Amino acid sequence: MSAREKHWLKVWDEKHAFEPDPVAGKKKVFVTFPFPYMNAAVHVGTAFTASHLEFYSRFKRLQGYNVLFPWAWHWTGQPIVGMSKRLREGDPDVRRAFLELDHVPEQEVAKFVDPEYLASYYTKQSRKVMKETGFSIDWRREFRTIDPAFRKFVEWQYFHLREMGYVVQGTHPVVWCPFDKSPTGDHDRMEGEGVSPTEFNLIKFHLGEFALVAATLRPETIYGATNVWVNPDADYSEARVDGELWIVSSASLSKLSEQKHNVVPVREFKGSDLVGRYAMAPLTGKSLPVFPGRFVDPSLATGVVYSVPAHAPYDLMALRDIQEGRVQVGRQVKEEADKITPIPILSLSGYSRVPAEDAIRKLSIKDSMDPNLETATQEIYSAEFHRGVLSQSSGPLADLTVPEAKDKAVELIAKTERLAKMFELPEKVVCRCGTRCYVKILENQWFLNYSNPEWKAKAKLVIDRAEIYPEEARQLFYSTIEWLKDWPCARRSGMGTRLPWDKDWLVETLSDSTIYMAYYCISKFVNLEKVGPDSLTPEVLDYVLLGKGSPANLAKAARIPERVLRDLRTEFSYWYPVDLRNSGKDLIPNHLTFFAFHHAALFPEKFWPRGFGINGMITIEGKRMSKTKGNFVTWEGAKEKYGADAFRLALALTADGMDDADWRDRAAMDAKEKVDSVIPFVKKTLRSSADRKADGLDSWLVSSFNGRIAVASEAMEELRMRRASATVFLDIWNDLRYYLRRAGKPRRQTLTEVFNAWARMMSPFTPFMAEELNRELGGKGLVCQADWPAPDDFPVDDDAVLAEAVLGRVIEDARNVLKVVKGARSKLNVYVCSDEAKAFFLELTAAKQSKGNVGQVLKKHASLKIQPDRVFKLAYELGEDLLGKVVAGRGFDEFQSLSEASEFMAKELGIEVVVQKTGKQIHDPANRAKDALPTKPAFYLE
RNA sequence: GCGGGGGUCGCCCAGCCUGGUCAACGGCGCGAGGCUUAGGACCUCGUCCCUUAGGGGUUCGUGGGUUCGAAUCCCACCCCCCGCACCA
């Protein structure tokens, strides 16, 4: 941290510049950021998103608002506990990540075996780096989501949600880690991302008094079944399942019992013991032989499948293996197998009657252990599912499409009471803790009832009423609200708050973060020890947040002074609602929409969020940020490398709207150079300036500055930080450069005014440098507490704008001519049009616009011999804006203006320039002067 | 598959809603010149093609269409990115 940064941080701190309290009658802005999760250091992505709020906050303060930008830390949930646990168990990867990627000192890592210590370490680090970056946060309100007082707040919320019927219980299959005793979400998996429980149909084939239970995803193929497969090497069991006698793989027994089946094992044996026996299929009543098939995975579902060789490549290949002697079997099995031919059950365009055969041939599959069988199966399955139609051989299923036949088959088999269901993971899933997961049916789990149509409608209203930046994001909210189903809101493990009515469950991370912004109004009092967690009873919170009850009575019961209670209510009613919540677009499908739902449920409309800011995701040098790939930039690292101001400016300049932001070292270095050179530039410029009367060029600079203020202000309002910062740091700078180049002697007073305002415009982005600059300019007070420049202080002078625009056009034209014309030249003659030509131009343009008498004008000025088309074309080229100024421009004398600029033109063009006004006695050897038009003088190059 | 965003002159990107002032803003890179002992920084000019007078040609994913006129509006297609849930 530089001395300059330290100095200003101290000054801001001493002035309590960012610690706002309610001020009756003062307009307020309340901005919030979705608190970062503290299992790692904050990184440039966090900084990017948060920077929008930071810039906006500082901007709004300059506009005179009372601005609250608070901060908190998310500790709720599984990952912190999980990392800590893995460290305890000696996982080298976790340890290395702490040491090498986050640069945590060795002795600290040792203490990370305590999850709360781990989180507090990162919290401390993150707070430090954010402060040092100059974020204008009110740290008095800081909290962590496991603070006792915050828990009371969460309990209050859930108490009400349940009362309103928005928290309901349900039973659902989940991917379960038996070690963590917790559902295993996608991000908690070492293996099997994207895999979710799939419902298999269990079909009972009668085998004596037993049911040999085959699992299938394709019940519609039952009429094509030719035999049953078991894995001869695997263990199978007889067991009493829900009172029936089943034969299934031994591995499936525990899974069945996790899925609400009552399972009592009876006897275990090898699959080979089943080979050669016969099992009777439902619906067809056929007695099918049991064959050995090593392709059958005993760990998938029941480890028993039935064979449909016409449509299942695996089945066909396994059958061939037996028929063609690649697999040794007993004589009886071989004889039975030889009798079997595939039974086609559906027709499929583009394939023969036995599609499995086609696929096998296409992929040159040799036996039943060929890995290509998976591809073949996928292909056939997909084709049949979308285009297949069941044929007559399928009896009652005939003529149905595959999806229809599936439902019908399930219905028919269920009628015979030979159907059961089982959930299974189609692919292996391994939890991050290394444990293999399975499907568990979780009972009596708590859900937020987001599928409730009334709640949805209310959430939609929140979005309807809110400002969304950028507007394109609005649709994403609507889609999310539509799509959202009930959300499991409680878990068994991790850190957090227990459900007040069911202490076995902890409120899950996303679910405890929905209305917490309201708690910033309370946390200030908690941190100042004016109110303790025990006082935050539901009744007290009802008063503070909903205005219910009488403070006098409550004060006694809760043992807090009535004045404090009233202050709490005042604090909340003043700051709420949230005026702007900014986040990356990744939070729209969950957090931000939850935020809308819960505000809709709990608060009256006047407290619903007013604005949502959405930004894109960050990439590093064009690639996705990833810790494991080492493509990772921490907030601290970037701040240290470029300095706070440059880091901030680089963030601002990197992207607008929902575009993804690409963080590039090169761009940040440029920003650094820019920031570092502002003050030297200003000082040098002022040194070279003089006290003199304002001229046209000064008016031009002021006019231009007027436009810059307008653009920057509007962009700030819309959170278009790239546009805003580019205007301030690039466009204004360019204006100044032009001014300095063009001016004989820059005028001190004009520059001082502009620089003063410039410092204020820079201050949201580069507050340290802006304060420094303000001081250099002799400004009083702090620039962070000054006023945002008003356009009225920089009036527009149309004639001055026109003069510079014309000059610019003339120089550009002249450059063109000089570029094209070869050969020696010593002097450029510039002929400004005559008064009559100007009159002709104005009259003709007016006549054309008003559809007046063009012919009359032409006749009147016929002696000029100017083609009317040239006039029309020029008027068109000038555009409405400039043309308007030409028409209105009474004080603008083109000849005088260009004459005064002739030296400048000469310097720019590198050739002598002589400006003359078209008239009788002028130097015009090539007779060009007659062609001159307003804003378009004629040239002659000598 | 469902939902969303996007493809612009070497790279990043503005413009698109509200068609013409668009060969198309700005930044980077590159080239030339200035400044400088030198380098960096900084400043100026140039950077699709052609052109001895300010002009012309061909461009904004591809192919059609609407229009006097399309990067901008409409249709179809191709390609890329993101999200799709028991989790931050």
Side-chain angles (χ1 to χ4, degrees), chain A residues 34-40 74 76-80 172-176 182-189 194 196 442 445-447 450 471-473 475-476 478-480 482-492 494 508-511 513 584-591 616-617 619 622 624 653-660 662 664 666-667 670-671 673-674 676-677 680-681 684 722-723 726-727 729-731 734 737 740-741 809-810 812-823 825 875-883 907-910 926 928 931 936-941:
Chain A
F35 41 30
Y37 188 69
M38 281 297 103
N39 67 337
H74 204 194
T76 310
Q78 193 61 239
I80 293 173
H172 284 260
V174 298
V175 178
W176 185 259
S182 168
T184 306
D186 251 7
H187 297 282
D188 290 331
R189 295 179 194 172
S196 54
L442 261 189
Q445 213 192 166
W446 294 99
F447 288 83
Y450 293 143
E471 187 56 37
E472 299 100 89
Q475 194 48 48
L476 282 168
Y478 291 137
S479 320
T480 303
E482 280 298 305
W483 158 88
L484 216 51
K485 295 190 291 236
D486 286 359
W487 177 263
C489 64
R491 302 198 103 201
R492 295 283 191 186
E508 168 278 336
T509 9
L510 286 170
S511 308
S513 312
K585 59 184 168 193
D586 52 327
L587 294 191
I588 296 177
N590 41 65
H591 168 71
M617 308 306 290
T619 55
R624 221 190 152 123
L653 284 169
T654 192
D656 252 358
M658 273 201 292
D659 296 337
D660 288 343
D662 190 20
R664 284 175 191 267
R666 167 116 222 155
D670 284 346
E673 265 150 20
K674 211 135 254 157
D676 289 345
S677 53
F681 168 77
K684 192 179 124 214
R722 176 193 177 116
R723 170 169 286 198
T727 302
F729 285 87
L730 308 177
D731 295 340
N734 278 336
R737 271 205 290 261
L740 293 174
R741 188 153 48 93
R809 291 169 62 88
V810 170
E812 198 189 318
D813 276 354
R815 275 211 180 100
N816 256 323
V817 173
L818 287 168
K819 197 168 99 189
V820 171
V821 178
K822 295 196 178 101
R825 56 271 174 119
Y876 177 71
E877 258 175 35
L878 285 169
E880 259 174 60
D881 193 40
L882 269 189
L883 182 61
K907 204 169 74 191
E908 290 287 297
L909 297 168
R928 286 257 161 75
D931 294 332
K936 188 91 176 171
F939 295 145
Y940 174 61
L941 195 57

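Chain identifiers are assigned alphabetically (A, B, ...) following the order of the sequence lines, protein sequences preceding nucleic acid strands; residue numbering begins at 1 within each chain. Quantities reported herein were computed from a predicted structural model and do not represent experimental measurements.
At the heavy-atom level, A/Pro937 lies under 4.0 Å from base atoms of the strands shown. The residue A/His172 sits close to a base: some heavy atom pair falls under 4.0 Å. Among the protein residues, A/Arg928 comes within range of the nucleic acid bases, having at least one heavy atom under 4.0 Å from a base atom. Residue A/Asp659 is in sugar-phosphate contact alone, with no base atom involved, counting any heavy-atom pair closer than 4.0 Å across all strands shown. Within the 4.0 angstrom heavy-atom criterion, base atoms lie near A/Asn590. Counting any heavy atom pair closer than 4.0 Å across all strands shown, A/Asp670 reaches sugar-phosphate atoms only and no base atom. Within the nucleic acid shown, A/Lys585 has no heavy atom closer than 4.0 Å to any nucleic acid atom. A/Ala938 comes within contact range of at least one nucleobase, with a heavy-atom separation under 4.0 Å. Within the nucleic acid shown, A/Leu510 comes within 4.0 Å of at least one base atom, counting heavy atoms only. Nucleic acid contact for A/Tyr940: base, since at least one base atom lies under 4.0 Å from a heavy atom of the residue. In this structure, A/Thr184 reaches the sugar-phosphate backbone alone: every heavy-atom distance under 4.0 Å involves primed, P, OP1 or OP2 atoms, never a base.
When the C1' atom is used for both B/rU59 and B/rA71, the distance is 10 Å, rounded to whole Å. The C1' atoms of B/rC22 and B/rG69 are separated by 13 Å, rounded to the nearest whole Å. The P atoms of B/rC77 and B/rU58 are separated by 30 Å, rounded to the nearest whole Å. Rounded to whole Å, the separation between the P atoms of B/rC60 and B/rG10 comes to 13 Å. For the C1' atom pair drawn from B/rC78 and B/rG63, the interatomic distance equals 10 Å after rounding to whole Å. Nucleotides B/rU67 and B/rU72 place their C1' atoms 13 Å apart, quoted to the nearest Å. Here, B/rC81 and B/rA32 have their P atoms 39 Å apart, quoted to the whole Å. For the C1' atom pair drawn from B/rC11 and B/rU47, the interatomic distance equals 14 Å after rounding to whole Å.
With distances taken from any side-chain atom of A/Gln475 to the nucleotides B/rC81, B/rG4, B/rG27, the minimum falls on B/rG4. With B/rA85, B/rG6, B/rG54 as the choices, the nucleotide that has an atom nearest any side-chain atom of A/Trp483 turns out to be B/rA85. The side chain of A/Arg666 lies closest to B/rC28, out of B/rU51, B/rC28, B/rG6. Distances from the side chain of A/Val817 to the nucleotides B/rA85, B/rA53, B/rG27 place B/rA53 closest. In this structure, of B/rU47, B/rC45, B/rG54, it is B/rC45 that holds the atom nearest to the side chain of A/Arg741. Side chain of A/Val821, nearest nucleotide from B/rC86, B/rA53, B/rA41: B/rA53.
Side chain to side chain, A/Glu508 and A/Trp446 fail the donor-acceptor criterion of an N or O pair below 3.5 Å. No side-chain donor from either of A/Asp660 and A/Thr619 sits under 3.5 Å from a side-chain acceptor of the other. A donor atom on one side chain and an acceptor atom on the other are not found under 3.5 Å apart for A/His591 and A/Ser513.
Between the side chain of A/Arg928 and the backbone N or O of A/Tyr940 there is no donor-acceptor pair closer than 3.5 Å. In this structure a side-chain-to-backbone donor-acceptor pair under 3.5 Å is present from A/Asp656 to A/Arg722. Looking at A/Arg189, its side chain does come within 3.5 Å of a backbone N or O of A/Thr184 through a donor-acceptor pair. Judged by distance alone, with hydrogens and angles left aside, the side-chain atoms of A/Lys585 form no donor-acceptor pair with the main-chain N or O of A/Met617 at under 3.5 Å.
Nucleotide B/rC28 holds its P atom 16 Å from the CG atom of A/Asp662, rounded to whole Å. Taking atom NZ on A/Lys684 and atom C1' on B/rC35, their separation rounds to 10 Å, with Å as the unit. Going from atom CD of A/Glu471 over to atom C1' of B/rC16 covers 16 Å, rounded to whole Å. With rounding to whole Å, A/Arg815 atom CZ is found 21 Å from B/rU52 atom P. Atom-to-atom, NZ of A/Lys936 to C1' of B/rG55 comes out at 10 Å; the value is rounded to the nearest Å. Distance A/Leu818 CG to B/rG55 P: 14 Å, rounded to the nearest Å. In this entry the distance linking CG of A/Asp660 with P of B/rC80 reads 17 Å, nearest Å. Atom CG of A/Leu909 and atom P of B/rA53 are 18 Å apart (whole Å).
Comparing A/Thr480 and A/Glu472, the nucleotide of RNA chain B nearest to each residue sits closer to the 5' end for A/Thr480.
In a base pair of the Watson-Crick type (N1 to N3 plus N6-O4 or O6-N4) or a G-U wobble (N1-O2 and O6-N3), with each distance short of 3.5 Å, B/rC16 is matched with no nucleotide. Base pairing analysis places B/rC42 opposite B/rG34; the two distances defining the Watson-Crick or G-U wobble pair are each below 3.5 Å. Applying the Watson-Crick and G-U wobble criteria (two distances, each under 3.5 Å), B/rU47 pairs with B/rG29. When both distances must be under 3.5 Å, the Watson-Crick or G-U wobble mate of B/rC84 is B/rG1.
Proximity of A/Arg624 to the phosphate of B/rC82: a side-chain N or O atom is located under 4.0 Å from OP1 or OP2. Within the structure, every side-chain polar atom (N or O) of A/Arg722 is placed at least 4.0 Å from both OP1 and OP2 of B/rC25.
Shown here are the salt bridge (charged side-chain N to carboxylate O under 4.0 Å, His left out) partners of A/Arg492, two or more places apart in sequence or in another chain: there are none.
Between the side chain of A/Asn816 and the base of B/rG54, no donor-acceptor pair of N or O atoms lies under 3.5 Å. The base of B/rA14 is not paired with the side chain of A/Arg723 by any donor and acceptor separated by under 3.5 Å.
One finds no salt bridge joining A/Asp931 and A/Lys936 here, because no Lys/Arg side-chain nitrogen approaches an Asp/Glu carboxylate oxygen to under 4.0 Å.
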